[in-house]
Amino acid sequence: MAGPRKYWLMKSEPDAFGIDDLRQRGSEPWSGVRNYQARNFMRDQMQPGDLAFLYHSSCPQPGIYGLMTIAGPPYPDPTQFDRKSPYYDAASTREQPRWHLVDVKYQRHLKRPILLAELRANESRLKGLKLFSAVRLSVMPVAPEHWERILALE
DNA sequence: GCCAACGTTGGC
DNA sequence: GCCAACGTTGGC
């Protein structure tokens with residue numbers, strides 16, 4: 001039962017995993033999210049076929065670098081069960097997993113990155129964009145009109 | 001390296 | 001359930 005396509009923004013640190021890594025891999029499980037709001041978006045609201053901006057953070061030029069599609073339905077993040085993983089969560093069980101993720105699929109690089117500074121310069125037309133306010137959120141929804149206005153900057 | 005924002009934890 | 005302390009994110 002697919003609803004209308006939704007739009008998202010997902011952050012990664014390019015030193016760890018960036019747009020070039022994603023292109024190489026084709027698709028990738030979006031593991032390691034340990035924030036309840038971000039998890040809820042992936043677990044409860046994302047649908048295969050939704051589109052997402054790939055945002056690079058903690059780097060010299062923070063901004064949006066590419067487009068991805070949500071490749072499949074949510075499922076438990078395997079890293080939560082892996083004692084050797086930095087994302088291991090001792091409180092999580094296979095019967096009652098705490099963390100869920102989706103696979104994302106590479107769609108394309110933007111023709112040029114749309115940097116945070118440029119987004120901020122357009123803040124009046126992007127009112128309510130969570131990127132500006134929810135600093136600690138690594139997965140967030142993007143309103144359709146914001147999505148279009150951002151892509152129009154490309 | 002600094003620090004603002006803010007989610008999470010834990011004492012009560 | 002409140003709220004202060006703490007820890008993390010992430011831009012600059």
Side-chain angles (χ1 to χ4, degrees), chain A residues 6-25 27-46 50-70 74-104 106-143 145-154:
Chain A
K6 294 196 183 79
Y7 301 94
W8 306 95
L9 182 147
M10 301 168 83
K11 296 181 186 172
S12 78
E13 300 187 12
D15 284 352
F17 187 86
I19 183 75
D20 294 324
D21 301 305
L22 182 61
R23 174 165 58 187
Q24 207 162 33
R25 304 266 199 117
S27 71
E28 183 75 4
W30 204 258
S31 59
V33 170
R34 296 294 181 268
N35 168 287
Y36 289 108
Q37 253 187 293
R39 176 206 67 183
N40 291 348
F41 287 133
M42 290 198 287
R43 188 190 63 183
D44 304 334
Q45 295 194 37
M46 279 186 180
D50 285 357
L51 293 173
F53 288 132
L54 179 51
Y55 179 93
H56 284 178
S57 63
S58 297
C59 60
Q61 302 271 289
I64 297 167
Y65 282 74
L67 301 182
M68 326 186 275
T69 53
I70 305 309
Y75 61 95
D77 181 345
T79 63
Q80 70 195 305
F81 308 123
D82 178 1
R83 286 176 180 281
K84 292 185 195 121
S85 167
Y87 303 118
Y88 176 69
D89 185 345
S92 194
T93 66
R94 289 187 187 271
E95 292 69 37
Q96 291 206 307
R98 181 178 291 184
W99 306 108
H100 293 71
L101 53 67
V102 296
D103 289 354
V104 297
Y106 175 82
Q107 190 178 51
R108 66 175 178 88
H109 280 61
L110 295 192
K111 294 170 204 146
R112 62 178 190 90
I114 300 171
L115 302 182
L116 177 61
E118 190 174 353
L119 294 171
R120 284 201 196 286
N122 288 275
E123 193 160 3
S124 61
R125 283 183 289 153
L126 298 172
K127 260 203 167 42
L129 188 70
K130 280 192 160 54
L131 184 64
F132 297 138
S133 53
V135 180
R136 305 206 34 202
L137 197 56
S138 64
V139 175
M140 64 186 76
V142 176
E145 61 269 26
H146 289 164
W147 178 272
E148 280 174 30
R149 284 171 203 164
I150 291 168
L151 264 190
L153 299 172
E154 188 182 4

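Side-chain atoms are counted along with the backbone in the values below, which use heavy atoms only and exclude waters and symmetry mates. Residue numbers begin at 1 in each chain, while the letters A, B, ... track the order of the sequences.
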Trainee: To the nearest Å, how far apart are A:W99 CH2 and B:dG7 C1'?
Mentor: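 The answer, rounded to whole Å, is 11 Å.
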Trainee: Rounded to the nearest Å, what distance is computed from the CG atom of residue A:L137 to the P atom of nucleotide B:dA4?
Mentor: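 A:L137 atom CG is separated from B:dA4 atom P by 21 Å.
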Trainee: Give the nucleotide from the list B:dG7, C:dG10, C:dC12 with an atom nearest to the side chain of A:N35.
Mentor: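 The nucleotide sitting nearest to the side chain is B:dG7.
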Trainee: In whole angstrom, what separates A:F132's CZ from C:dT9's C1'?
Mentor: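 These atoms are roughly 17 Å apart.
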Trainee: Whole angstroms only, please: what is the CG-P distance between A:L116 and B:dA5?
Mentor: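 Rounded to whole Å, this separation is 15 Å.
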Trainee: Nearest whole Å is fine: how far is B:dC6 C1' from A:L131 CG?
Mentor: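 Result: 15 Å.
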Trainee: Quick one: A:R136 CZ to C:dT8 C1', roughly how many Å, whole number?
Mentor: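 Interatomic distance, CZ of A:R136 to C1' of C:dT8: 4 Å.
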Trainee: So, A:D89 and A:R98, do they make that salt bridge, N to O below 4.0 Å?
Mentor: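 Counted as a salt bridge, because a side-chain N and a carboxylate O are separated by less than 4.0 Å.
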Trainee: Nearest-Å distance, CE (A:M140) to P (B:dG7)?
Mentor: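 From A:M140 CE to B:dG7 P: 11 Å.
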Trainee: Can you figure out which of C:dG10, C:dG7, C:dC12 approaches the side chain of A:E13 most closely?
Mentor: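 Closest of the options to the side chain of A:E13: C:dG10.
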Trainee: To the nearest Å, how far apart are A:Q37 CD and B:dT8 P?
Mentor: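 About 8 Å, once rounded to whole Å.
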Trainee: Within 45 degrees of the axis of the six-membered ring of A:Y106 and under 6.0 Å from its centre: does A:R25 put its NZ or CZ there?
Mentor: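 No, A:R25 and A:Y106 do not form such a contact.
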Trainee: State, yes or no, whether a side-chain contact exists between A:W30 and A:M42 at a heavy-atom distance under 4.5 Å.
Mentor: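 The answer is yes, as the side chains (C-beta and beyond) meet within the 4.5 Å cut-off.
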Trainee: Compare the minimum distances between each of C:dG10, B:dT8, C:dT8 and the side chain of A:Y36, then state the nucleotide with the smallest one.
Mentor: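 The listed nucleotide nearest to A:Y36's side chain is B:dT8.
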Trainee: Can a salt bridge be assigned to the pair A:R34 and A:D77 using a cut-off of 4.0 Å between side-chain N and carboxylate O?
Mentor: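 Salt bridge: yes.
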Trainee: On the nucleotide C:dG10, are OP1 or OP2 found under 4.0 Å from the side-chain N or O atoms that A:K11 carries?
Mentor: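 Yes.
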Trainee: Scan A:R120 against the nucleic acid and name what it touches under 4.0 Å (heavy atoms): base, sugar-phosphate only, or nothing.
Mentor: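 If one applies the 4.0 Å heavy-atom cut-off, A:R120 turns out to touch the sugar-phosphate alone, with no base involved.
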